[in-house]
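Below is one structure, written out as structure tokens; the observations come after it.
Quick note: residue numbers are just sequence positions, from 1.
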Amino acid sequence: AIEMVLVPTGSFDRGMEGEAFDEQPVRRIHLDAYLIDKYEVTVAQWGEYQQATGVQIPEWVLQNTVARQVHPITLVTWYDAQGFCQWAGKRLPTEAEWERAARCDDGRKYPWGDGLDAYRSNYFQSGDPFEGGLGTILNTNPVGYYDGSVREGYPTRDGSSPFGAHDMVGNVFEWTNDWYNPSYYTHSTDTNPQGPEKGVVKAVRGGSYAIDASHVRPTYRARDAPDFKGPDMGFRCASSVQAGTAVRTRSWGGVKRAPQAAQGETNHE
């Protein structure tokens, strides 16, 4: 089974002052508890889906190498991503769910805190060992790469959010379920917002290995047509939690305290 993390019922301030106009106004959004994949869906997991369903993407051969099994699947459309999530008994996260899972509830700018850190995320010219890959398709990192361990001589720092979701910024952009509307934050509901009822493009989150540092933040709202596919576009799934579902997790207090331990580290730009 694909590992998921619990985001408990709660509220967070969606958006960011002083950034792009579509990230404002900042408003307090309330979300019911939900689960979100701990990692981006991998090539190996996509392979299982193809084997079980007979669905196949044309770019499969390019990605289905021994080395890439633990990298995120890319070159998938929104429809491809939705199909996988449905097959797995899940769904794509809403924009609000995605952002809260990445940022927690304390207004932080990045999943790990406030400063951009090249040892916690894979973005354009971040200096990670995968940057010299052959062709853009090879510039992703294995999911969960930035976990604080030394990887073949490369010292990573923990890039996960307080809820335990990895690679929420950088690596690959991720499809969300919502239609994108630049003024949605002005008129959306404050409780479990589901995005506009209709639209032309889907909201995409998280930045990627091909995106400059200024856009590698959880509040940045990108968008693409649902039939678009790109070498730096992937996804993860989410699912709602019914009241009373027995999901064991750290106490919320523990989640809130966890990032304090990392505050002493210096940031590497």
Side-chain angles (χ1 to χ4, degrees), residues 7 9-34 36-37 40-41 74-86 90-105 107-111 123 161 163 165 167-208 210-212 214-230 232-240:
V7 182
T9 300
S11 305
F12 79 111
D13 293 331
R14 179 186 63 188
M16 185 69 75
E17 298 291 351
E19 297 290 358
F21 78 99
D22 66 354
E23 298 171 42
Q24 301 168 55
V26 173
R27 281 190 18 210
R28 166 96 8 143
I29 302 298
H30 175 84
L31 297 177
D32 290 334
Y34 58 98
I36 193 163
D37 289 352
E40 291 152 342
V41 172
T74 63
L75 293 159
V76 285
T77 67
W78 181 89
Y79 301 106
D80 293 332
Q82 184 194 40
F84 177 98
C85 291
Q86 288 177 340
K90 306 178 195 178
R91 56 178 173 76
L92 284 167
T94 65
E95 252 196 296
E97 286 173 337
W98 192 97
E99 185 175 321
R100 185 175 173 225
R103 292 180 66 202
C104 196
D105 303 336
R108 62 183 56 209
K109 185 169 181 179
Y110 299 101
Y123 52 89
S161 78
F163 293 120
D167 301 305
M168 293 297 285
V169 294
N171 212 17
V172 293
F173 273 111
E174 299 179 19
W175 289 112
T176 72
N177 194 55
D178 296 14
W179 291 108
Y180 169 83
N181 182 307
S183 60
Y184 182 64
Y185 284 14
T186 308
H187 53 75
S188 91
T189 175
D190 291 335
T191 303
N192 298 322
Q194 300 295 307
E197 285 185 19
K198 54 184 186 292
V200 178
V201 288
K202 288 288 184 179
V204 175
R205 290 301 194 107
S208 78
I211 292 296
D212 63 278
S214 64
H215 293 123
V216 182
R217 46 192 170 78
T219 57
Y220 175 60
R221 303 176 68 203
R223 60 267 185 197
D224 279 298
D227 58 356
F228 171 82
K229 55 175 72 176
D232 65 338
M233 178 80 87
F235 69 101
R236 75 182 75 212
C237 308
S239 63
S240 303

Side chain to side chain donor-acceptor pair (under 3.5 Å) test vs Asp13 passes for just one of Arg28, Arg103, Arg100, namely Arg28

Can you list the residues that meet the ring pair (Phe, Tyr, Trp, His ring centres under 6.0 Å) rule with Tyr220, with sequence neighbours excluded?
His215

What pairs with Tyr180 under ring pair (Phe, Tyr, Trp, His ring centres under 6.0 Å), at least two apart in sequence or on another chain?
none

Scanning both residues in full, the closest heavy-atom pair of Val216 with Gly206 reads CG1-O, 4.4 Å

Ser11: which residues meet the side-chain hydrogen bond (donor to acceptor under 3.5 Å, both in side chains) condition with it, sequence neighbours left out?
His30

What are the two closest non-hydrogen atoms of Val26 and Gly15, and how far apart are they?
CG2-C, 3.7 Å

Looking at CZ of Arg223 and CH2 of Trp179, how far apart are the two atoms once the value is rounded to the nearest 0.5 Å?
14.5 Å

Charged N-O contact under 4.0 Å between Glu95 and Arg205
yes

Closest approach of Leu31 to Pro193 (non-hydrogen atoms, all atoms of both residues):
CD2-CD, 3.9 Å

Who are the ring pair (Phe, Tyr, Trp, His ring centres under 6.0 Å) partners of Phe173, not counting sequence neighbours?
none

I need the minimum non-hydrogen distance between Val76 and Trp175, along with the two atoms involved.
O-NE1, 3.0 Å

Any idea which heavy atoms bring Ser208 and Asp232 closest together, and the distance?
OG-OD2, 2.6 Å

Here the gap from Thr176 atom OG1 to Phe235 atom CZ, rounded to the nearest 0.5 Å, amounts to 13.0 Å

Under the salt bridge (charged side-chain N to carboxylate O under 4.0 Å, His left out) test, residues paired with Glu174 that sit two or more places apart
Arg236

Applying salt bridge (charged side-chain N to carboxylate O under 4.0 Å, His left out), which residue pairs with at least one partner in residues 178-190 are found, sequence neighbours left out?
Arg27-Asp190

What are the two closest non-hydrogen atoms of Met168 and Pro111, and how far apart are they?
CB-CG, 4.3 Å

Set of side chain to side chain contact (heavy atoms under 4.5 Å, CB included) partners for Gln86, sequence neighbours left out
Gln82

Would you indicate whether the side-chain heavy atoms of Phe12 and Cys104 approach each other to under 4.5 Å?
no

With sequence neighbours left out, the residues meeting salt bridge (charged side-chain N to carboxylate O under 4.0 Å, His left out) with Asp80 are none

Who are the side-chain hydrogen bond (donor to acceptor under 3.5 Å, both in side chains) partners of Glu19, not counting sequence neighbours?
Lys109, Arg217

Could you tell me the separation between the CH2 atom of Trp98 and the CD1 atom of Ile36, rounded to the nearest 0.5 Å?
8.0 Å

Between atom CZ of Arg14 and atom CD of Glu23, what is the distance when rounded to the nearest 0.5 Å?
11.5 Å

Could you give me the CA-CA distance, side-chain angles and deciding distance for Lys90 and Asp37, then say whether side-chain contact (heavy atoms from CB on, under 4.5 Å) is met?
CA-CA 10 Å; Lys90 306 178 195 178; Asp37 289 352; 2.9 Å; yes

Is a side-chain N or O of Tyr79 found less than 3.5 angstrom from the main chain of Pro226, in a donor-acceptor match?
no

What pairs with Trp78 under side-chain hydrogen bond (donor to acceptor under 3.5 Å, both in side chains), at least two apart in sequence or on another chain?
none

Say you draw a straight line from OG1 of Thr189 to OH of Tyr184; how long is it, rounded to the nearest 0.5 Å?
7.0 Å

First locate atom CG of Asn177, then atom CD of Gln194, and finally report the distance between them rounded to the nearest 0.5 Å.
7.5 Å

What pairs with Ser183 under side-chain hydrogen bond (donor to acceptor under 3.5 Å, both in side chains), at least two apart in sequence or on another chain?
Asn181

What residues form a salt bridge (charged side-chain N to carboxylate O under 4.0 Å, His left out) with Glu97, not counting sequence neighbours?
Arg91

